[in-house]
Amino acid sequence: MQFTVAIDGPAAAGKGTIARAVAQRFGFAHLDTGLLYRAVGRRVLDGTPADIAAATLKHRDITREDLRTPEVSDAASQVAALPEVRSALVLFQQEFAKRDGGAVLDGRDIGTVICPEAEVKLFVTASAEVRAHRRWLELTKAGHDVEEAQVLEDVKERDERDSTRKDAPLRPADDATLLDTSDLPVEEATDAAIQSVARILGEKT
Ligand code: DC
């Protein structure tokens with residue numbers, strides 16, 4: 001069975017948590033597509049030209065442990081604006097989406113560009129302040145010494161870059177279900193996402 005769940009939205013809106021929960025609940029495979037851009041950004045920081053880094057990306061590049069630092073977040077957002085980087089990553093994502101047994105992909109352009117035919121499209125968002133606070137907590141827990149105000153500035157800068165780039169900008173697909181997690185506990189957001197998937201899956205099977 002092919003069944004694709006596309007989950008898009010800005011940084012730290014809760015996409016990853018929701019995507020993992022949906023994948024686990026329905027036994028679908030999950031791809032965090034941000035990791036692809038992070039891995040390319042990491043390789044660029046290490047000296048590889050962006051187009052080559054994207055065209056020769058290996059599994060070991062996306063399983064590195066140092067892909068969540070603020071430095072890599074910024075590099076990822078910059079390489080994500082390059083059309084040659086995006087086009088090198090399209091096919092892998094589309095093939096992942098079509099795998100037998102169902103797939104959940106989370107990112108920025110899954111419902112609009114990568115899988116416009118996805119059975120379920122969710123756009124998960126939250127205010128910049130709430131997202132920055134979540135990201136700051138994550139970073140602090142992981143031992144990074146960062147100011148919350150700086151994280152908020154970075155989040156806003158990345159939002160701006162991701163939403164205004166020419167190629168595949170961050171925006172909800174016309175037929176996406178919006179999920180604002182600003183005032184919604186993560187369990188409730190996850191339940192809402194699972195219900196959306198269950199409804200469509202029930203209609204299909
Ligand atoms: O979701 P994330 O923070 O790990 O994503 C890192 C960067 O990659 C982010 O700035 C936007 C970019 N990205 C993208 O352009 N398209 C995607 N499908 C996923 C991520």
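All ligand and atom numbering here is 1-based and tracks the order in the structure.
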Flag for [Y]-[X]: side-chain donor and acceptor within less than 3.5 Å:
| X | Y | answer |
| --- | --- | --- |
| Arg38 | Ser73 | yes |
| Tyr37 | Arg86 | yes |
| Asp191 | Gln195 | no |
| Ser77 | Arg158 | no |

Mark up the atoms of ligand 1 that fall under 4.0 Å of a heavy atom belonging to [X], in ascending order.
| X | result |
| --- | --- |
| Asp162 | 9 (C), 10 (O), 11 (C) |
| Arg158 | 3 (O), 6 (C), 7 (C), 9 (C), 10 (O) |
| Ser77 | 10 (O) |
| Gly34 | 4 (O), 5 (O), 19 (C), 20 (C) |
| Thr33 | 17 (C), 18 (N), 19 (C) |
| Ala80 | 12 (C), 15 (O) |

If you measure from atom 2 (P) of ligand 1 to every heavy atom of Arg165, Arg108, Glu157, which option wins on shortest distance? Arg108
Given side chains that start at C-beta, do those of Asp74 and Glu157 come closer than 4.5 Å, heavy atoms only? yes
Quick check: do Val5 and Lys121 have side-chain heavy atoms less than 4.5 Å from each other? no
Which of Ile7, Thr177, Asp8, Leu179 passes side-chain contact (heavy atoms from CB on, under 4.5 Å) with Phe123? It is Asp8
Atom 8 (O) of ligand 1 sits nearest the protein heavy atom Tyr37 CB, 3.4 Å
Please determine if Arg86 has a nitrogen or oxygen closer than 3.5 Å to a nitrogen or oxygen of ligand 1. yes
Any N/O pair Arg135/ligand 1 closer than 3.5 Å: no
Answer side chain, backbone, both or neither: which part of Arg38 comes under 4.0 Å from ligand 1, heavy atoms only. side chain
With Arg131, the side chain to side chain donor-acceptor pair (under 3.5 Å) member among Thr181, Thr125, Asp159: Asp159
